[in-house]
Amino acid sequence: MSIIDTEATLHEAHRDNHTHRDVNGGWLRPAVFGAMDGLVSNLALMTGVAGGSVSHQTIVITGLAGLAAGAFSMAAGEYTSVASQRELVEAELDVERRELRKHPQDEERELAALYESRGVDPALAREVAKQLSRDPEQALEIHAREELGIDPGDLPSPAVAAVSSFGSFALGALLPVLPYLLGATVLWPALLLALIGLFACGAVVARVTARSWWYSGIRQLALGGAAAGVTYLLGSLFGTAVG
């Protein structure tokens with residue numbers, strides 16, 4: 001009895017721990033890139049303008065304009081990209097669906113040959129392919145996974161991608177503008193808050209991907225800080241030249 005109990009416990013532990021994150025969903029990538037892009041691009045834009053020795057009102061307007069333009073651009077780009085990808089996948093699925101309808105035996109033999117190539121006994125491979133091909137929708141799903149590497153029931157949503165990228169970009173781009181909206185008249189509070197946000201964003205991404213949070217945070221902080229420094233220098237040079 002103790003052996004059975006132990007095996008049951010191990011089985012439950014395996015079941016509870018053997019779970020995976022959603023790596024195919026349509027929200028994670030645009031949300032992550034949107035927040036990063038919003039922070040880095042708007043911080044760089046504002047520091048570049050600030051380098052030209054303009055008024056803080058001009059910096060605020062620049063930051064808000066960058067937030068709005070960037071958020072709408074990200075949303076439109078993500079929607080178009082994901083929609084185009086989905087349409088291409090659906091077109092390929094239609095091709096496979098027609099082949100299954102017109103040449104079911106050939107498709108069944110193709111599936112059996114695929115299993116044989118992976119080491120399944122030929123007779124067993126033919127039987128498995130025969131049983132799986134009885135349901136047309138199941139056959140389509142299997143062929144799509146094996147031949148195209150996609151899951152027809154788990155395609156990314158263009159709307160989810162667009163909304164995620166819009167919201168995350170706007171949130172990231174708001175950070176460097178926020179101190180000015182709260183009354184700041186100099187650049188350093190906005191710069192400090194944005195750099196903290198960059199580190200935090202990198203650390204959060206690391207938590208999602210199970211990487212080192214401090215390394216990811218410092219890496220993002222360094223990249224964003226470098227972008228801000230370069231644009232500030234360029235703004236100072238161009239501001240002097242124009243002035």
Side-chain angles (χ1 to χ4, degrees), residues 7-8 10-38 69-170 205-211:
E7 289 180 349
L10 290 175
H11 174 73
E12 291 175 0
H14 175 77
R15 180 196 60 199
D16 294 339
N17 292 300
H18 195 72
T19 57
H20 299 281
R21 298 179 179 90
D22 178 15
V23 296
N24 293 319
W27 67 271
L28 180 59
R29 184 182 63 86
V32 170
F33 279 99
M36 295 290 191
D37 196 17
F72 280 109
S73 177
M74 282 287 293
E78 281 294 334
Y79 185 91
T80 302
S81 175
V82 175
S84 299
Q85 179 186 5
R86 187 183 180 105
E87 289 164 1
L88 175 60
V89 170
E90 289 174 344
E92 292 300 314
L93 289 175
D94 286 339
V95 171
E96 192 64 35
R97 189 177 286 109
R98 286 195 299 270
E99 288 299 312
L100 285 167
R101 185 172 61 252
K102 294 179 180 179
H103 309 287
Q105 297 300 323
D106 291 337
E107 290 295 314
E108 182 180 318
R109 284 193 290 269
E110 182 180 302
L111 188 60
L114 178 64
Y115 290 141
E116 286 183 43
S117 69
R118 295 184 176 180
V120 179
D121 181 78
L124 179 59
R126 288 192 296 271
E127 181 61 27
V128 170
K130 180 179 180 180
Q131 292 187 26
L132 293 177
S133 299
R134 290 173 181 170
D135 182 354
E137 288 304 314
Q138 178 178 258
L140 174 64
E141 182 177 331
I142 293 170
H143 279 275
R145 285 177 175 172
E146 297 291 350
E147 297 177 25
L148 303 176
I150 59 174
D151 184 352
D154 192 26
L155 299 181
S157 167
V160 170
V163 171
S164 298
S165 59
F166 182 93
S168 59
F169 185 99
V205 171
R207 295 289 295 177
V208 174
T209 58
R211 293 296 181 92

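Here the structure is a predicted model, which means the values were calculated and not measured. For reference, positions follow the sequence shown, starting with 1.
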Shortest non-hydrogen contact from L93 toward A144: CD2-CB, 3.6 Å

Residue pairs fulfilling salt bridge (Lys or Arg N to Asp or Glu O under 4.0 Å) with at least one residue in residues 107-125, sequence neighbours excluded: D106-R109, R118-E146

Please list every donor-acceptor pair under 3.5 Å in which a side-chain atom of residues 128-142 meets a protein atom from a residue at least two apart or in another chain.
unit_1, atom_1, unit_2, atom_2, d
Q131, NE2, E127, OE2, 2.8
S133, OG, A129, O, 2.7
D135, OD1, E137, N, 3.2
Q138, NE2, L132, O, 3.2
E141, OE2, R145, NH1, 3.3
E141, OE2, R145, NH2, 2.9

Any pair counted as ring pair (Phe, Tyr, Trp, His ring centres under 6.0 Å), so long as it reaches residues 118-167, sequence neighbours left out: F72-F166

Under the side-chain contact (heavy atoms from CB on, under 4.5 Å) test, residues paired with V120 that sit two or more places apart: Y115, L124, A125

All pairs passing salt bridge (Lys or Arg N to Asp or Glu O under 4.0 Å) where residues 86-95 contributes a residue, at least two apart: R86-E90, D94-R97

Non-hydrogen atoms of P156 and P158 that approach each other most closely: O-CD, 3.6 Å

Side chain S81, main chain G77, donor-acceptor under 3.5 Å: no

Partners meeting side-chain contact (heavy atoms from CB on, under 4.5 Å) with V163 (sequence neighbours left out): none

